[in-house]
Every structure is written in C-alpha cells, then in structure tokens.
Number of protein chains: 2
Amino acid sequence: MRRTGDLKLIQELNRSIILDMIRKDGPLSRSEIAKRSNLSPTTVTTAVNDLIQDRLVSERGTGVSNGGRKPILLQFSPDNHYIIGISISNSKITIAEMNLEARIRCKEVYSTRGHTGEQVISYLLELIEYFINIINKPLDLCVGVSVITQGIVDSKNGVIRYNPKLKFENIPLKELIEQKFNIKTWLDNDTNAYILAEKHFGLFNHYENMIYITIGEGLGAGIIVNGTINRGHNGGAGEFGHTNISNEGIKCDCGNIGCIENYVCWPAVYSRILSSIARGKQTIMTELVHGDISQLTELNFVDALNKGDELAINVLEEMSTYLAIGLVNLVHLFNPQIIIFGGEITTNNPLLLQKVNQFVKERALTILYEDLQIQPSSLGKEFEMIGAASVLLQDKFQFKLTHTEEVVKG
Amino acid sequence: MRRTGDLKLIQELNRSIILDMIRKDGPLSRSEIAKRSNLSPTTVTTAVNDLIQDRLVSERGTGVSNGGRKPILLQFSPDNHYIIGISISNSKITIAEMNLEARIRCKEVYSTRGHTGEQVISYLLELIEYFINIINKPLDLCVGVSVITQGIVDSKNGVIRYNPKLKFENIPLKELIEQKFNIKTWLDNDTNAYILAEKHFGLFNHYENMIYITIGEGLGAGIIVNGTINRGHNGGAGEFGHTNISNEGIKCDCGNIGCIENYVCWPAVYSRILSSIARGKQTIMTELVHGDISQLTELNFVDALNKGDELAINVLEEMSTYLAIGLVNLVHLFNPQIIIFGGEITTNNPLLLQKVNQFVKERALTILYEDLQIQPSSLGKEFEMIGAASVLLQDKFQFKLTHTEEVVKG
DNA sequence: CTTTGTTTTTCCAATGATTTTATTAAGTTT
DNA sequence: AAACTTAATAAAATCATTGGAAAAACAAAG
C-alpha cells in the first residue's frame with residue numbers, strides 16, 4: 001500500500017535530508033545546514049539532536065567564526081553501527097564487517113570448495129553464524145546483512161532467481177538469513193552493487209545515468225537510470241553479455257547466437273592468445289609465465305599490453321572493437337553520462353580506453369557522445385564489499401520525492 | 001534544491017493519492033477511500049472537499065448500502081479543465097483541446113508546408129494563438145500545453161536538442177510558449193509520449209517496466225524503467241533505431257553501420273517489395289494499388305499479408321527477424337513486462353506478432369521471456385494527442401515517494 | 001577591559017496538517 | 001418502532017514544522 005503523508009513522514013524525510021547532507025558535505029554546522037536545506041534553524045537543531053541520539057552524527061569541535069559565535073561542527077559517525085557484507089562468487093564466499101562508510105573492519109574469505117546449489121547456501125549460513133561469533137558485537141548495532149551474487153536476482157523479494165554456474169534457482173536467501181539470524185537482509189546482483197558503489201563511493205558520483213561494465217569470466221552490466229538501478233520486471237535487466245553483436249556468430253550457452261559475451265571476456269581473450277601462439281606468433285607473454293602459458297592471467301595480459309607486445313595489442317584491439325559495438329548500443333539506448341569499466345583486464349589499461357573511446361566517438365550520435373565519459377573503476381580492490389554495503393546504504397538512507405508539483409487548482 | 005518536508009507536503013501527497021484513487025478506481029465513497037488508503041475518514045473528507053472545490057472531483061449519486069447509510073459516490077471530473085496537446089511531425093502539426101482524460105474536444109491539423117527550423121516554430125506559435133482564439137475558453141482553466149515531437153528532446157528544460165528532419169537544434173520551445181502565452185508548457189519526445197499514453201490510457205497499464213516500439217518512417221522506442229521514462233542524461237535515450245544488429249551492413253546516416261532502422265521501417269520494407277517486383281515476383285499488392293506501385297502504403301502491405309500474399313509474407317519475415325534480434329537485446333537489457341508495437345505496419349498484423357514472439361522465445365533467456373507480453377498498441381487513432389496529454393498528466397498528477405524506509409535507529 | 005554587534009544555537013508559542021474520539025445522518029434488520 | 005450498521009462530519013488532541021525572541025559564544029572597536 002502506498003505510504004500516505006503524516007507528521008512522521010516529514011520528520012523522516014527531513015532527518016534523511018540532513019543526514020545525507022552531513023554525510024556527503026560534512027562537517028557542517030547547524031546553521032549551515034539550515035541555509036543549505038531551507039529548513040528552519042529550529043528544525044535542524046531538533047533533527048540533529050535525534051541523529052546524535054541515534055549515534056549517527058557527532059559534534060566535532062568548532063569551525064572558524066564568521067564574526068560571531070563559532071559554529072559547532074557536525075560530522076557523520078560511521079563507526080557506531082556496522083554492516084555485514086557478503087559476496088558469493090563462483091569460487092569463493094567473502095564476508096566482511098564494515099562501518100557505514102563501507103570501510104572494512106574484518107574480512108574473511110572462504111572457498112566454495114566446488115559446491116553448488118543448496119550445499120553452498122547451507123555452508124553460507126554456517127559461515128555467517130561463525131562470522132557473527134568472531135566479530136562478537138551486539139546484533140542491534142548491525143544495520144543489516146547485504147548479499148551480492150551473480151545471476152538474476154529478485155532484489156525486492158530477496159530471491160536468487162537464476163544462477164547457472166552455482167546452480168541456484170529460486171532461492172529465498174533473504175528470508176533464510178532473516179529467519180535464522182533475525183537481521184534485516186538485502187540481496188542484489190553483483191554488478192548492480194558495483195555501480196551503486198561507484199555512485200556512492202567512487203570518483204564519479206552524483207550522476208543519475210551511469211553504466212558499469214565488468215569484464216571477467218563473463219560480461220555484465222549494472223545500469224542506473226534516473227538515479228535508480230534498472231532491474232527490470234524480475235531482476236533480469238542488464239544482461240549486457242547476452243546482447244547480440246553478430247547474427248552469424250558463436251552459439252552461446254544461453255540459446256542465442258552471437259552474444260557479445262563470447263567475444264568480450266577473459267576466456268575469449270585467452271583462447272585468442274592460445275591460438276595465435278599455436279600459429280607460431282611471438283609474444284612476451286610466454287616469458288611472463290616462464291613458458292607455462294596455462295598459467296597466464298589477466299594481469300599478465302595487461303602487463304604485456306603495457307610493454308607494447310604486438311600479439312597482445314592485436315587481441316585487445318579485436319576485443320575492443322566488439323566491446324565498442326555493444327557500448328554504442330548502450331549509449332543509444334541509455335544516453336549515460338559515464339561508462340565505468342571493472343574487472344582486472346580493464347585496470348591499468350589505457351589502450352583499452354583509448355580504442356573504445358575512439359570507436360564510440362566514430363559510431364555514436366554526436367549529441368550522445370559529447371558529454372560521455374569512459375573511465376576505469378575508481379574503487380580499488382575491495383569493490384565487492386563496497387558494493388554489498390552500497391546496496392544496503394542506498395536503500396536504507398535514500399528517501400526522496402519523485403515529484404513535487406502541486407495538485408492543479410481550479 | 002531538494003524539497004523538504006512540511007505540512008503542505010503531506011497535504012499535497014494525500015490529496016494526490018486520493019485523487020489518483022478516484023481517477024483510477026472511481027467512483028468511490030469517502031469511507032471506501034479511507035479504508036483503501038489507510039487515511040482517517042476525517043482526512044479524506046477534508047481532502048475531498050478541497051478536490052470538489054477545485055472542481056477535480058464531483059459527487060454522483062449514492063451507492064448500495066452495506067447495512068447502514070448509503071455511501072455518497074465520488075467521481076473524477078475531467079471536463080472542468082482542459083489541456084492543449086500539440087504534435088509536431090515531419091509533415092504536419094496537430095493541435096487539440098482535451099479534457100483531463102485525454103478525450104479530444106477540438107482538433108486541428110495543419111501541414112508544415114515543407115518548412116523547417118525557425119519557420120516551423122514561428123508558424124507553430126501563430127497556430128497556437130489562433131487555436132486559443134477558436135476554443136475561446138478561460139486560460140486559467142487550461143492546465144497547460146504539452147508538445148511532442150521527434151528527435152532528441154531535453155524535456156526537463158523544454159528544449160528540442162536535435163531533430164535532423166525538421167532541422168531543429170537547441171530550440172527552447174517551452175520557454176517560447178510560456179513567455180508568449182503565459183501557460184505552463186511541457187515538451188517531450190513523441191515515443192516517450194506514446195509509452196506514457198499506453199501506461200495511463202492503454203489496456204496494458206500498471207506496468208513499471210515497458211517498451212514501446214514504433215515502426216514507421218524510422219524506428220524508435222519509448223522505454224519505462226521503474227515506472228519512469230528512461231530519458232538518459234540529455235534526452236537521447238531510447239534511440240533503438242540506431243542500435244546495431246549487423247556489423248557489416250548498411251551504412252546509416254547517423255554514422256554507424258548496420259543500424260536496425262535501416263532494416264526495420266516502412267521505407268526498408270517498401271524498397272524490398274520494389275526490388276522483388278523488379279525481379280519478376282508476383283504479388284497482389286500491384287492489384288491493390290491498381291498497378292501504380294508508387295502509391296503503395298503500409299495499409300496495403302498489411303492487407304496483402306492478411307490475404308496470404310507470398311511476397312509480402314517473405315518481406316515481413318525478413319523484417320521480423322531483424323526486428324526480433326533487436327528486441328532480444330532490449331529484453332536482455334531491460335527485462336520488460338511488455339513490448340508494445342505502434343505504427344500502421346504493426347496494426348492488424350498478427351503475423352508480425354507471431355514471428356517476433358517465436359524468435360524472441362527461441363533467443364531470449366527463458367526467465368526473461370516467461371512473463372513477457374508482446375502486443376500491438378491499444379490506443380487507436382488518436383495516440384498522438386493522447387500521448388501529448390499523458391506527458392502533462394504524468395508530471396502534473398504523479399507524486400510518489402521513491403522510498404519509505406525509516407532512518408536507522410541506534 | 002568593557003561595550004557593541006554578529007553569528008550560532010535554543011526556547012517558546014503559533015500554525016496547520018493529521019488522528020482520535022464523539023456525534024450526527026441515513027440507512028437496514030428484526 | 002426499536003436496535004443495529006455504516007457513512008460522513010465535528011470537536012479536540014497530537015505533533016513536526018515555522019517565526020520570533022532569547023540565550024550563548026565570540027569578534028572587534030573604543
């Protein structure tokens with residue numbers, strides 16, 4: 001049922017606005033908040049008192065006077081509550097305790113041991129129990145658990161709808177965790193989490209229309225439209241890897257033909273490299289792995305690129321072209337302000353950016369390319385946990401009005 | 001600046017909820033509204049009194065008793081205000097007066113006379129002045145003017161950014177109209193308007209994720225994500241016609257190669273028909289136009305299809321395949337609940353639906369196809385004006401909270 | 001050092017939207 | 001006709017906001 005307006009609502013809204021302001025632009029004084037928000041100084045004072053009571057905000061010294069009483073500065077207190085973030089990937093389960101700024105306090109990584117399906121889930125539940133014991137903090141200070149995983153996720157109901165690699169189908173994970181531990185739980189797709197992380201904690205925040213592309217074992221996209229995640233009807237939106245770039249191409253596991261994922265991902269690149277070597281091409285990559293090409297990693301490939309290896313560059317150019325074709329489609333469909341690349345193959349890889357930029361500039365409508373940025377992720381190593389935290393924080397702290405028009409008067 | 005919470009806000013919100021309820025589910029009694037909305041009966045009474053005062057709602061007899069006093073039924077009164085809707089297409093300008101349910105009271109169609117650029121705009125302004133004189137109603141009863149046109153439109157600022165066919169570039173139409181007539185003005189892309197029309201007035205409303213595909217001189221898409229139009233950073237989203245389905249194909253005016261628009265639109269179909277005839281193929285289409293194939297219309301083509309004409313069916317199958325490739329991409333990126341077809345070539349054309357459905361079923365991930373509907377538009381002839389009205393109504397009457405979580409308590 | 005003026009913050013009464021409680025209106029049922 | 005139901009309104013209570021006044025804390029001028 002739609003929420004109706006009452007006094008509680010305006011209070012929550014104003015608290016949320018003020019907290020947001022302190023988080024993003026703090027430290028700030030009460031009077032500064034009042035000026036920026038157009039709320040009365042009185043309202044700000046009472047709201048801030050509540051936030052201090054809730055230990056979300058604290059006073060922190062005074063600022064410089066502007067000719068009168070010194071302002072008391074207020075800052076966000078991220079350390080009085082904690083978040084449990086969980087990432088389930090094909091090979092490992094990561095659990096971390098974080099503060100409200102997604103800073104990691106404690107982290108554990110476990111192998112999935114090749115398990116799939118229900119086995120992974122019951123193992124996960126054990127691990128959570130174990131982890132809660134390790135950190136040994138009052139559960140009422142825990143804002144919640146946030147789980148991210150690959151595949152199609154119904155984040156509204158907290159159900160993993162479909163994850164072929166881990167063999168998940170319709171697993172009500174949110175319910176399972178909430179019932180066992182009595183902690184509010186969030187669940188989302190991993191790429192959605194990463195784009196939220198970029199929005200909240202990356203260098204490229206403030207954008208309302210952005211796309212995150214992750215290149216790794218597969219190819220995925222997280223997409224923000226009008227400031228909210230494009231999830232689609234049942235969480236299946238953003239399956240960029242299964243969009244088509246070639247009608248007569250490789251047949252994909254998904255049933256379609258010519259899915260871009262078969263051209264743009266580490267396995268595709270790797271097999272290109274292997275076949276080139278088999279055809280007798282020279283490359284420093286063989287040296288980088290001391291002759292054992294089966295040990296070649298994405299980092300080696302990027303290393304070779306940056307050393308000017310011809311084979312590597314050729315393979316990259318081919319991949320870049322395929323990728324760019326897909327990106328041009330995304331640009332035409334979403335008109336984003338920024339496209340962000342994630343995945344090891346994209347880090348420290350200026351050539352990729354350059355090639356892709358060039359192609360997109362040639363092929364996209366000028367008006368769509370003008371303001372477009374294409375950048376690598378700015379989050380660093382812990383992007384997975386930051387992503388998990390972002391899912392929770394976005395939902396928990398965001399509270400905004402879609403529309404503020406007055407009802408028409410006669 | 002973000003709107004803060006105050007008493008006015010909750011009042012507007014509640015009025016809006018109540019008005020919405022009466023519009024969509026009316027006639028309703030006050031007590032029924034109170035039950036459904038969880039607002040107190042008193043609040044409903046005062047809100048309804050305001051709405052009656054504003055002439056947006058009226059009482060209309062009594063309902064059947066449920067064992068006590070008969071309920072007084074309330075209904076939406078769409079006829080006490082009016083909307084001026086305007087559509088600018090390549091060949092014609094349409095202006096209509098409509099009530100708040102997008103029912104047309106007066107409509108005029110003018111040729112653009114082959115004019116372009118500023119000429120069209122100054123002509124348009126003349127036409128509006130003329131039209132206002134014709135209808136001769138108090139301007140304070142006019143909710144606003146809503147203009148829709150092709151091309152890339154910055155609906156937020158009311159600027160036509162780019163329309164190559166009419167040679168518009170950065171025309172601040174909203175400002176021009178508002179300053180000349182002092183009436184609030186909306187501006188949007190035509191396809192966005194059509195999808196909003198389907199959402200508000202079509203058979204397939206209530207959906208939060210939907211796509212409208214229009215096939216005509218070109219190929220366009222209007223896309224609703226999470227209940228709001230996917231406009232992108234500067235209004236350029238939804239350029240479906242310029243997404244790629246073939247890397248080595250026809251070079252498009254836009255600079256890209258293999259844009260779907262060059263395969264799926266009436267001109268493409270028409271030229272296929274011509275070349276087939278030139279190669280000596282037989283078709284009843286020549287008879288339908290009494291031998292003058294240059295007169296062939298989309299309606300003739302559909303007619304031929306429904307009469308089982310082999311050539312027409314072949315051409316349609318080819319187009320359907322290309323279209324479906326693009327649709328599969330859309331399904332993977334947006335996971336919509338429904339795809340709606342507009343344009344003359346799609347009306348009364350079950351074969352198109354069947355072919356497309358079959359292809360999408362084969363190629364899309366099962367989980368994305370399961371709930372998907374593919375349907376022709378349900379709006380009838382006046383879809384353009386209904387679209388224009390919908391843009392205004394969506395913005396004017398929608399007032400909802402994105403999020404209603406409580407701020408975290410310590 | 002004192003006075004004056006400024007800025008920041010808080011207190012208090014007033015406003016105005018909601019809700020709760022009570023009342024009136026207008027029925028149905030026995 | 002009396003008793004019971006339901007619908008709509010009225011009066012009073014609640015509570016988060018605002019505006020104005022007051023208090024706190026400080027800078028600058030004399």
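The chains referred to below are lettered A, B, ... by the order of the sequence lines, with proteins before strands, and numbering in each begins at 1.
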Review point. Does the cation-pi check pass for A/R105 over A/Y82, that is, NZ or CZ under 6.0 Å from the six-membered ring centre and within 45° of its axis?
Key: no
A/E59 CD to C/dT8 P, in whole Å, measures 15 Å
Tell me whether the side-chain N or O atoms of B/T42 pair up with the base of D/dA8 as donor and acceptor below 3.5 Å, since no angle test is needed here. no
query: Is any side-chain N or O of B/K35 closer than 4.0 Å to OP1 or OP2 of D/dA7?
result: yes
Applying side chain to side chain donor-acceptor pair (under 3.5 Å) to B/D154 and not counting sequence neighbours gives B/N157
Between CG of B/N49 and P of D/dA7 the distance, given in whole Å, is 18 Å
**Message:** Under 4.0 Å from OP1 or OP2 of C/dA17: is there any side-chain N or O of B/K8 that close?
**Reply:** yes
Between CG of A/N66 and C1' of D/dA28 the distance, given in whole Å, is 14 Å
Separation of D/dT14 atom P from A/I10 atom CD1, nearest Å, is 18 Å
Between B/N14 and A/T4, is any side-chain donor less than 3.5 angstrom from a side-chain acceptor? no
Taken to the nearest whole Å, CG/B/L9 to P/C/dT15 is 22 Å
Contacts of B/N14 and A/L73 projected onto DNA chain C by closest heavy atom; the upstream (5') one is A/L73
Margin query: Counting the atoms with a prime plus P, OP1 and OP2 as sugar-phosphate, which does A/T43 contact under 4.0 Å by heavy atoms, base, sugar-phosphate, or nothing?
Written below: base
Among D/dT17, C/dG16, C/dT8, the one nearest any side-chain atom of A/L7 is C/dG16
Note to self: Heavy atoms only, 4.0 Å cut-off, all strands: where does A/S29 land among base, sugar-phosphate and nothing?
What the structure shows: sugar-phosphate
Taken to the nearest whole Å, CD/B/E32 to P/D/dT5 is 20 Å
*asked:* If the cut-off is 4.0 Å, is B/S65 near the phosphate of C/dG27, judged by side-chain N/O to OP1 or OP2?
replied: no
Of the candidates C/dT9, D/dT18, D/dA8, the side chain of B/S31 sits closest to D/dA8
From CZ of B/R15 across to P of C/dG16 the rounded distance in Å is 14 Å
Result for 5'-nearest mapping on DNA chain C, choosing between A/T46 and A/R69, is A/R69
**Request:** Output yes when at least one side-chain N/O atom of B/R30 is less than 4.0 Å from OP1 or OP2 of D/dT6, else no.
**Result:** no
Side-chain atoms of A/T45 come closest, of D/dT17, D/dC26, C/dT9, to C/dT9
Residues B/R15 and B/T46: closest non-hydrogen pair is NH2-O, 4.2 Å
Rounded to whole Å, CD of B/Q11 lies from P of D/dA16 at a distance of 18 Å
Can you give me every donor-acceptor pair (side chain of residues 70-77 of chain A, partner residue at least two apart or in another chain, under 3.5 Å) with its distance?
from  : atom 1 : to    : atom 2 : distance (Å)
A/Q75 : OE1    : A/R60 : NE     : 3.3
A/S77 : OG     : A/S58 : N      : 3.4
A/S77 : OG     : A/S58 : OG     : 2.9

